Amino acid sequence: MTEEKKVRMRVVSRLTEPDGDVHEIKNARSGMLRETADGIVLEYDDVQDEEKAHIILTMKPGRTQRENRARMQRRGMVSSMLTFLPGQKVSSSYVTIYGDIPVAVDTRSVGIEQDERGGELRLDYDVYMGGERTSSAVMEITWRL
């Protein structure tokens, strides 16, 4: 069994729409961190617009930044499994009560840093729906033990 550690987190998301509008969301969260054979796993509950979701974020550091990987599973009113692979466009879907919505994530970079006090994940990616880019995003998640 892997030891779980409580963490305090800061989640910052910056979304840039195709017309240039920028939206930034900053949140403080509490979560759990553990290391598994799959990598570093961070779990936390997220609330946006009164909708609660459980997030399971798995990070796999590589030998180089180009080899870093991340996967974000979201369970809630809208569920999804997004995979972040630098230089690749990966198809997925948002699962809603109205049906599945196809999406794709084109990842520019996955930055992972960790030390004895905490760490940081930085995702830089584009989101596509129906073949059209709907936003460019940078998500930074910082955690402290």
Side-chain angles (χ1 to χ4, degrees), residues 2-49 51-96 100-145:
T2 306
E3 179 188 354
E4 288 191 339
K5 300 174 184 173
K6 290 183 181 181
V7 292
R8 295 179 322 278
M9 302 177 348
R10 182 168 189 233
V11 181
V12 178
S13 298
R14 278 184 295 287
L15 303 172
T16 305
E17 296 179 13
D19 65 5
D21 283 350
V22 177
H23 305 277
E24 184 172 81
I25 301 167
K26 295 180 183 180
N27 292 302
R29 299 283 181 246
S30 295
M32 298 299 289
L33 176 80
R34 67 183 181 281
E35 294 196 32
T36 70
D38 290 334
I40 305 162
V41 179
L42 190 60
E43 288 193 48
Y44 63 97
D45 289 327
D46 191 35
V47 179
Q48 292 183 13
D49 299 325
E51 192 257 310
K52 185 177 178 181
H54 185 73
I55 309 295
I56 302 171
L57 182 57
T58 305
M59 300 161 270
K60 184 90 172 176
R63 290 183 306 251
T64 67
Q65 184 164 337
R66 196 87 178 132
E67 294 176 351
N68 288 344
R69 307 283 184 257
R71 183 178 66 236
M72 183 179 294
Q73 182 177 4
R74 182 181 199 282
R75 295 180 186 152
M77 290 285 292
V78 175
S79 296
S80 63
M81 175 76 79
L82 302 178
T83 302
F84 301 91
L85 302 171
Q88 295 185 36
K89 190 176 189 179
V90 181
S91 297
S92 186
S93 64
Y94 293 136
V95 179
T96 74
D100 293 0
I101 301 169
V103 298
V105 174
D106 188 0
T107 306
R108 282 183 286 282
S109 66
V110 176
I112 303 170
E113 294 181 25
Q114 185 178 21
D115 61 27
E116 64 279 349
R117 294 171 297 158
E120 179 178 273
L121 171 69
R122 185 176 193 279
L123 301 170
D124 187 354
Y125 60 97
D126 289 333
V127 177
Y128 289 80
M129 295 175 100
E132 298 288 323
R133 185 172 62 84
T134 58
S135 66
S136 289
V138 174
M139 177 181 279
E140 296 172 345
I141 300 174
T142 305
W143 65 90
R144 295 289 172 249
L145 301 175

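Note that the structure is predicted; figures quoted are calculated from it, not measured. What's counted below: heavy atoms across the whole structure, side chains too, no hydrogens, waters or symmetry copies.
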>> Between the side chains of Glu51 and Arg74, is the shortest nitrogen-to-carboxylate-oxygen separation below 4.0 Å, so that they form an ion pair?
In response: yes

> Is atom CD of Glu24 surrounded by more than 12 heavy atoms (other residues, nucleotides or ligands) closer than 6.0 Å?
Replying inline: yes

> Are Arg122 and Glu120 ion-paired here, with the side-chain N under 4.0 Å from a carboxylate O?
Replying inline: no

>> Within a 6.0 Å radius of atom CD on Glu113, are there more than 12 heavy atoms belonging to other residues, nucleotides or ligands?
In response: no

> Between Ile141 and Met59, is a side-chain contact (heavy atoms from CB on, under 4.5 Å) present by the stated rule, with each step listed?
Replying inline: CA-CA 11 Å; Ile141 300 174; Met59 300 161 270; over 6 Å; no

>> When you compare the side chain of Met139 with that of Met72, does any pair of heavy atoms fall below 4.5 Å?
In response: yes

> Is the closest side-chain heavy-atom distance between Met32 and Lys6 below 4.5 Å?
Replying inline: yes

> Between Arg10 and Glu140, does at least one N-O distance fall below 4.0 Å, as a salt bridge requires?
Replying inline: no

> Under a 4.5 Å cut-off applied to non-hydrogen side-chain atoms, are Gln65 and Pro86 in contact?
Replying inline: no

> Quick one: does Thr134's side chain have a donor or acceptor within less than 3.5 Å of a partner on Val127's backbone?
Replying inline: yes

> For atom CE of Met77, is the number of surrounding heavy atoms from other residues, nucleotides or ligands below 6.0 Å larger than 12?
Replying inline: no

>> What verdict does the side-chain contact (heavy atoms from CB on, under 4.5 Å) test give for Leu85 and Arg69, after you've listed the backbone C-alpha separation in whole Å, the side-chain angles of each residue and the deciding distance to 0.1 Å?
In response: CA-CA 5 Å; Leu85 302 171; Arg69 307 283 184 257; 2.7 Å; yes

>> Minimum heavy-atom separation for Ser92 and Met81, please, with both atom names.
In response: OG-O, 2.5 Å

> Between Arg108 and Tyr125, is there a donor-acceptor pair closer than 3.5 Å when you use the side chain of the first and the backbone of the second?
Replying inline: yes

>> For the CG atom of Leu33 and the CG atom of Leu145, what is their distance to the nearest 0.5 Å?
In response: 6.5 Å

> Tell me, do Leu121 and Val110 make a side-chain contact under 4.5 Å, heavy atoms counted?
Replying inline: yes

>> Working to the nearest 0.5 angstrom, can you tell me the gap between Ser13 OG and Ile25 CD1?
In response: 6.0 Å

>> Please report the interatomic distance CG(Leu82) to OH(Tyr94), rounded to the nearest 0.5 Å.
In response: 5.5 Å

>> Using the side-chain hydrogen bond (donor to acceptor under 3.5 Å, both in side chains) definition, which of the options Arg75, Gln73, Glu43 pairs with His54?
In response: Glu43

> Between NE2 of His23 and CG of Asp21, what distance do you get to the nearest 0.5 Å?
Replying inline: 5.0 Å

> Are Val90 and Thr107 side-chain neighbours, meaning at least one heavy-atom pair lies under 4.5 Å?
Replying inline: no

> How long is the span from the CG atom in Leu57 to the CD1 atom in Ile55, to the nearest 0.5 Å?
Replying inline: 8.5 Å

> Quick one: does Tyr44's side chain get under 4.5 Å of Val11's, heavy atoms only?
Replying inline: yes

> Do Val105 and Thr83 have side-chain heavy atoms sitting under 4.5 Å apart?
Replying inline: no

>> Quick one, Lys89 with Asp126, criterion salt bridge (Lys or Arg N to Asp or Glu O under 4.0 Å). Give me CA distance, side-chain angles, the key distance, then yes/no.
In response: CA-CA 9 Å; Lys89 190 176 189 179; Asp126 289 333; over 6 Å; no

>> Please report the interatomic distance CZ(Arg8) to OG(Ser30), rounded to the nearest 0.5 Å.
In response: 8.5 Å

>> Show the nearest heavy-atom pair for residues Ala70 and Leu123, with the distance to one decimal.
In response: CB-CD2, 4.0 Å

>> Main chain of Gly62, side chain of Asn68: is a donor-acceptor contact present, judged purely on distance under 3.5 Å?
In response: yes

> If you look at every heavy atom in Asp38 and Lys60, which pair is closest and at what distance?
Replying inline: O-CD, 3.1 Å

